[in-house]
Student: 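Here it is: the structure, laid out below.
In this text, all values refer to a predicted model and were calculated from it rather than measured experimentally.
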Amino acid sequence: MDSSSNQDEQKIIENEAAIEAYLKTDSAGSTAVKDSSGLYYIKRVPNPAGELAKRGDAATIKYTGYLLNGTKVVSSTVDNKVDFTFPVQGYQYWGGIEVGIFLMRTGEKTTFLLPFYLASGNVDKVNIPAYSPIRLEVEFIKTRTEIQQIDDFITAKKFVVSERTPEGLVIVRTNTVAGDTIGPGKSVSIKYTGKLLNDTKFDDGTYNFITGNSNAIKGFDAAIRRMRKTEKAIIVFPSSLGYGKTGNGSILPYSPLQFEVEVL
């Protein structure tokens, strides 16, 4: 363990020297700023009027990463997609991306020079050797709050909202049923399909629970209490009513969710 630790410390010194040597070859290298995290950045295209990212937002970027010798090793262009969206401070990706997004505004382009511990780390990857510093070219496209994501989803689906709560729960009823709402303290059987807002399914089935006693996530329970027996709906809610900043399995942190539900 002592040997491994010492190697990491030595590689940090080597990475910093390699990055500073690279900056001498860049025409804008003298403008580079070193962040307290250890990354260096050069703002190529500024946009002072752009938006700043906030924790929990969905930040969308385009990026391409290179070894310092110019070898391309990573890119947001995957499966015909040209950009990449991630939950800000969800801590799912490279530390350099998590730190760097707060150093940009929407519409800006920035070069980041990342030491290994903010990039791919100290083990060999498919095309990135262990301890490699990385040059990451990033364009910050947009940032959206969870409520904005939900509103965009509803608009794209052309849903007619039946009910919206101050907490952000949206109910789109798909049939009409008379009678009292279920309310708290009732034993219910629900048929459901759970999806992300990009329509990726993460769960489905039948769920039996008692309303109002925390057996279900908050948004699901709150929606069912507002529904009626045999009613069907699409319910949408932010992560504050779902799995929050930790996520759950394939559900990333700060993910708004949609459920197709039927009260059986």
Side-chain angles (χ1 to χ4, degrees), residues 56-60 78-81 83-88 90-93 144-264:
D57 283 0
T60 300
V78 179
D79 297 331
N80 296 320
K81 296 179 180 178
D83 54 34
F84 169 68
T85 299
F86 66 99
V88 175
Y91 301 110
Q92 301 294 305
Y93 306 103
R144 296 180 298 157
T145 66
E146 290 190 49
I147 297 302
Q148 288 172 327
Q149 294 171 61
I150 290 171
D151 288 344
D152 289 348
F153 170 76
I154 290 169
T155 299
K157 293 291 187 179
K158 299 181 180 179
F159 287 149
V160 177
V161 175
S162 305
E163 188 175 351
R164 187 190 293 260
T165 72
E167 295 77 22
L169 167 65
V170 174
I171 300 175
V172 178
R173 292 184 169 85
T174 55
N175 67 345
T176 302
V177 177
D180 294 334
T181 56
I182 293 170
K186 300 293 179 63
S187 178
V188 294
S189 180
I190 309 298
K191 182 180 179 181
Y192 72 94
T193 300
K195 300 178 183 179
L196 304 178
L197 295 196
N198 64 6
D199 287 330
T200 299
K201 184 172 76 171
F202 58 81
D203 197 12
D204 64 1
T206 302
Y207 182 46
N208 303 307
F209 71 104
I210 297 174
T211 59
N213 70 352
S214 74
N215 283 337
I217 53 176
K218 291 179 181 179
F220 194 92
D221 178 69
I224 298 305
R225 285 189 276 123
R226 287 168 167 78
M227 294 177 65
R228 297 167 177 84
K229 184 178 178 181
T230 74
E231 192 168 48
K232 299 178 183 179
I234 296 165
I235 60 174
V236 191
F237 48 85
S239 66
S240 57
L241 300 177
Y243 293 103
K245 63 182 181 181
T246 59
N248 183 46
S250 62
I251 302 171
L252 294 180
Y254 302 112
S255 292
L257 304 176
Q258 60 163 317
F259 285 88
E260 299 169 9
V261 295
E262 178 183 0
V263 181
L264 300 176

Student: Does any non-hydrogen side-chain atom of Ile190 lie less than 4.5 Å from one of Leu264?
Tutor: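 A side-chain contact under 4.5 Å is absent here.
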
Student: Please find the pair of heavy atoms, one from Pro184 and one from Gly212, that lie closest to each other, and give the distance.
Tutor: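 So the minimum-distance heavy-atom pair works out to CB-CA, 4.5 Å.
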
Student: Within the 4.5 Å heavy-atom criterion, are Ile235 and Arg226 side-chain neighbours or not?
Tutor: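 Of all side-chain heavy-atom pairs linking Arg226 with Ile235, none is under 4.5 Å.
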
Student: Is a salt bridge present between Glu260 and Lys232, judged by a nitrogen-to-oxygen distance below 4.0 Å?
Tutor: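 Result for this pair is no, no salt bridge flagged.
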
Student: Take Lys157 and Ile234, measure what side-chain contact (heavy atoms from CB on, under 4.5 Å) needs, and give me the verdict at the end.
Tutor: CA-CA 11 Å; Lys157 293 291 187 179; Ile234 296 165; over 6 Å; no

Student: Taking Thr211 for its side chain and Lys186 for its backbone only, find out whether a donor-acceptor pair lies under 3.5 Å.
Tutor: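 Yes: the side chain of Thr211 pairs with the backbone of Lys186.
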
Student: Between CG of Leu197 and CD of Gln258, what distance do you get to the nearest 0.5 Å?
Tutor: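 Taking CG in Leu197 and CD in Gln258, the distance rounds to 6.0 Å.
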
Student: Between Arg144 and Asp151, is there a side-chain N and carboxylate O pair less than 4.0 Å apart?
Tutor: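 Looking at Arg144 and Asp151, the cut-off is not met.
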
Student: If you take all heavy atoms of Lys229 and Val177, which pair is closest and at what distance?
Tutor: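 Nearest heavy atoms, Lys229 then Val177: O-CG1, 3.3 Å.
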
Student: Between Gly168 and Pro238, what is the shortest heavy-atom contact and its length?
Tutor: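 In terms of heavy atoms, the two residues are closest at O-CD, 3.5 Å.
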
Student: Would you say the rings of Phe202 and Phe259 are close, in the sense that their centroids are separated by under 6.0 Å?
Tutor: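 When the ring centroids of Phe259 and Phe202 are compared, they turn out to be within the sub-6.0 Å range.
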
Student: Could you grab the distance from atom CD1 of Ile147 to atom CD of Glu167, nearest 0.5 Å is fine?
Tutor: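 Spacing of CD1 (Ile147) from CD (Glu167) equals 10.0 Å.
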
Student: Hey, what do you get for CZ (Phe209) to CG (Asn215), rounding to the nearest 0.5 Å?
Tutor: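 Rounded to the nearest 0.5 Å, the CZ-CG separation comes to 8.0 Å.
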
Student: Could you walk me through whether Phe220 and Phe237 pass the ring pair (Phe, Tyr, Trp, His ring centres under 6.0 Å) test, one step at a time?
Tutor: CA-CA 8 Å; Phe220 194 92; Phe237 48 85; 7.7 Å; no

Student: Inspect the surroundings of CG in Asp180 and state if more than 12 heavy atoms from other residues, nucleotides or ligands are less than 6.0 Å away.
Tutor: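 No, because the 6.0 Å sphere around CG of Asp180 holds 12 heavy atoms or fewer from other groups.
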
Student: Using atom types as modelled and distance alone, determine if a side-chain donor or acceptor of Asn175 lies under 3.5 Å from a backbone N or O of Thr230.
Tutor: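 Between the backbone of Thr230 and the side chain of Asn175 there is a qualifying donor-acceptor contact (under 3.5 Å).
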
Student: Can you measure from CG (Asp221) to CD1 (Ile210) and round to the nearest 0.5 angstrom?
Tutor: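 Rounded to the nearest 0.5 Å, the CG-CD1 separation comes to 11.0 Å.
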
Student: Atom CD1 of Ile182 and atom CE of Met227: how far apart are they, to the nearest 0.5 Å?
Tutor: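 It comes to 7.0 Å.
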
Student: What are the two closest heavy atoms between Pro253 and Lys245, and how far apart are they?
Tutor: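 Shortest heavy-atom separation between Pro253 and Lys245 comes out as CB-O, 3.1 Å.
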
Student: Measure the OG-CD distance between Ser255 and Gln149 for me, rounded to the nearest 0.5 Å.
Tutor: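 Going from OG on Ser255 over to CD on Gln149, the span is 8.0 Å.
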
Student: Write down the atom of Ile154, the atom of Arg164, and the distance for their closest heavy-atom approach.
Tutor: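 In this case the closest contact between Ile154 and Arg164 is CD1-NH2, 4.1 Å.
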
Student: Phe159 vs Thr174, test: side-chain contact (heavy atoms from CB on, under 4.5 Å). Steps then yes/no.
Tutor: CA-CA 10 Å; Phe159 287 149; Thr174 55; over 6 Å; no

Student: For Lys218, is the NZ atom crowded, meaning more than 12 foreign heavy atoms sit under 6.0 Å from it?
Tutor: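 Result for NZ/Lys218: open.
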
Student: Minimum heavy-atom separation for Ser162 to Arg173, with atom names?
Tutor: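 In terms of heavy atoms, the two residues are closest at OG-N, 2.9 Å.
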
Student: Judged by atom type as modelled, is there a donor-acceptor pair below 3.5 Å linking the side chain of Asn198 to the main-chain atoms of Thr200?
Tutor: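 Confirmed, Asn198 side chain pairs with Thr200 backbone.
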
Student: If only atom types and distance count, is the side chain of Thr206 paired as donor or acceptor with the main-chain N or O of Lys191 below 3.5 Å?
Tutor: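 Absent.
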
Student: Decide side-chain contact (heavy atoms from CB on, under 4.5 Å) for Leu257 and Leu196; before the verdict, give the C-alpha distance in whole Å, the side-chain angles of both, and the deciding distance to 0.1 Å.
Tutor: CA-CA 5 Å; Leu257 304 176; Leu196 304 178; 3.8 Å; yes

